[in-house]
Each structure stands twice: as structure tokens, then as C-alpha cells.
Amino acid sequence: WYNGQQYQRPHMIHLQHCNGTRLSDFTMLNAPMYHIFLDRGHNAIVEHVSIFSPNFTYAPNTDGIDIGVTNAVIRYCHVKNGDDSLCVKEGANNVLFHDN
């Protein structure tokens, strides 16, 4: 897992102000910090995504999927990590989590 300082840990996917985002059919392993963060956009779908990272004491703040967008659907995802698996952030509105 990541061996850098906390302030240097990048997010794996951080999309800002995106509209019509679709993320599907992939696996993410051991992100240094957040795995997926959708921030201040509209109409997002995340589906069939698997996320894995170590437990919190070893890998803090490795959030799985953070949602801060309007009109989002998160479905058929498998998240096993040491922090927030699915997290609704400020700015999120009309978010559906289905079969995760």
C-alpha cells in the first residue's frame, strides 16, 4: 500500500463539474486515498465497479465511492475497504444506491 505522506496521497478518480458521467465494469485496488469522487456535477451512473483496499488502521481515508453530484445512480458495485464504502458528500441531491 501507499507509503507517502498524507498530504501527498492522490485520489484515483476525482471528477469535478462533469455531466452525464458513466463509470462501469472495472476493478480498483489499493487507492492511496479516495477511489472514486464525483464532485459537483449532474447525471452520474456508477455500475458494476469493484473496489478493494486494506483496513482503516493500515490505509486511512481510502473511501470507496464518494458522491457529491445531483442525480446519481450507484448500482451493482462491490466495495470492501477500510473507510467509507459509499459516502454522500455536500452537494449531493437525488442519489440512488441499488444492489450494492
Side-chain angles (χ1 to χ4, degrees):
W1 191 74
Y2 191 75
N3 195 21
Q5 297 294 328
Q6 172 128 357
Y7 64 88
Q8 297 173 330
R9 294 185 300 148
H11 303 159
M12 292 281 274
I13 296 175
H14 186 167
L15 302 176
Q16 294 179 307
H17 304 287
C18 293
N19 297 314
T21 301
R22 180 182 292 264
L23 301 174
S24 64
D25 300 302
F26 62 90
T27 298
M28 301 180 80
L29 300 172
N30 303 329
M33 200 157 170
Y34 303 159
H35 285 81
I36 297 173
F37 186 7
L38 302 179
D39 189 13
R40 294 171 286 180
H42 296 85
N43 306 318
I45 297 174
V46 180
E47 60 187 352
H48 302 284
V49 172
S50 296
I51 295 173
F52 303 97
S53 66
N55 71 39
F56 183 79
T57 55
Y58 186 67
N61 302 110
T62 54
D63 293 9
I65 302 171
D66 288 357
I67 300 296
V69 300
T70 299
N71 301 327
V73 176
I74 314 308
R75 60 185 174 204
Y76 312 118
C77 294
H78 179 79
V79 181
K80 184 175 182 195
N81 63 330
D83 201 9
D84 302 323
S85 295
L86 303 171
C87 184
V88 177
K89 297 284 197 180
E90 180 181 357
N93 187 28
N94 194 30
V95 176
L96 173 66
F97 294 99
H98 176 61
D99 285 332
N100 293 294

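Computed over heavy atoms, backbone and side chain alike; hydrogens, waters and symmetry mates excluded.
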First locate atom CG of Asp25, then atom OG of Ser50, and finally report the distance between them rounded to the nearest 0.5 Å.
9.5 Å
Kindly give the heavy-atom pair with the smallest separation between Pro54 and Asn30, and that separation in Å.
CD-OD1, 3.2 Å
Kindly indicate whether the side chain of Phe97, heavy atoms from C-beta on, has any atom under 4.5 Å from the side chain of Val88.
yes
Partners meeting ring pair (Phe, Tyr, Trp, His ring centres under 6.0 Å) with His78 (sequence neighbours left out):
Phe52
Do Ile13 and Met28 have side-chain heavy atoms sitting under 4.5 Å apart?
yes
Same cluster or not: Ile74 versus Ile45, using hydrophobic residues (I, L, V, M, F, W, Y) connected whenever any side-chain heavy atoms lie under 4.5 Å apart?
no
State, yes or no, whether a side-chain contact exists between Phe37 and Met12 at a heavy-atom distance under 4.5 Å.
no
Which value, rounded to the nearest 0.5 Å, describes the distance between Ser53 atom OG and Lys80 atom NZ?
10.0 Å
Would you mind reporting whether Val46 and Cys77 have side-chain heavy atoms less than 4.5 Å apart?
yes
Would you check if the side chain of Asn19 reaches a backbone N or O of His42 as a donor-acceptor pair within less than 3.5 Å?
yes
Check side chain to side chain contact (heavy atoms under 4.5 Å, CB included) between His98 and all other residues, then give those that pass, not counting sequence neighbours.
Arg75, Tyr76, Leu96
Can you check whether Leu38 reaches Leu23 side chain to side chain, under 4.5 Å on heavy atoms?
yes
With side chains defined as the heavy atoms from C-beta onward, is the minimum distance between His35 and Asp63 less than 4.5 Å?
no
Nearest heavy-atom neighbours spanning Gly64 and Val79
CA-CG1, 3.9 Å
Could you walk me through whether Ile36 and Ile51 pass side chain to side chain contact (heavy atoms under 4.5 Å, CB included), step by step?
CA-CA 9 Å; Ile36 297 173; Ile51 295 173; 4.1 Å; yes
State the CD1-CG distance between Ile65 and Asn81, to the nearest 0.5 angstrom.
9.5 Å
Using only heavy-atom distances, determine whether the side chains of Asn71 and Asn43 contain a donor-acceptor pair under 3.5 Å.
yes
Between CG on residue Asn61 and OH on residue Tyr34, distance to nearest 0.5 Å:
6.0 Å
Reported CG-to-NE2 distance for the pair Asp39 and His11, which is rounded to 0.5 angstrom
9.5 Å
Leu86 with Val49, same ILVMFWY side-chain cluster at under 4.5 Å:
yes
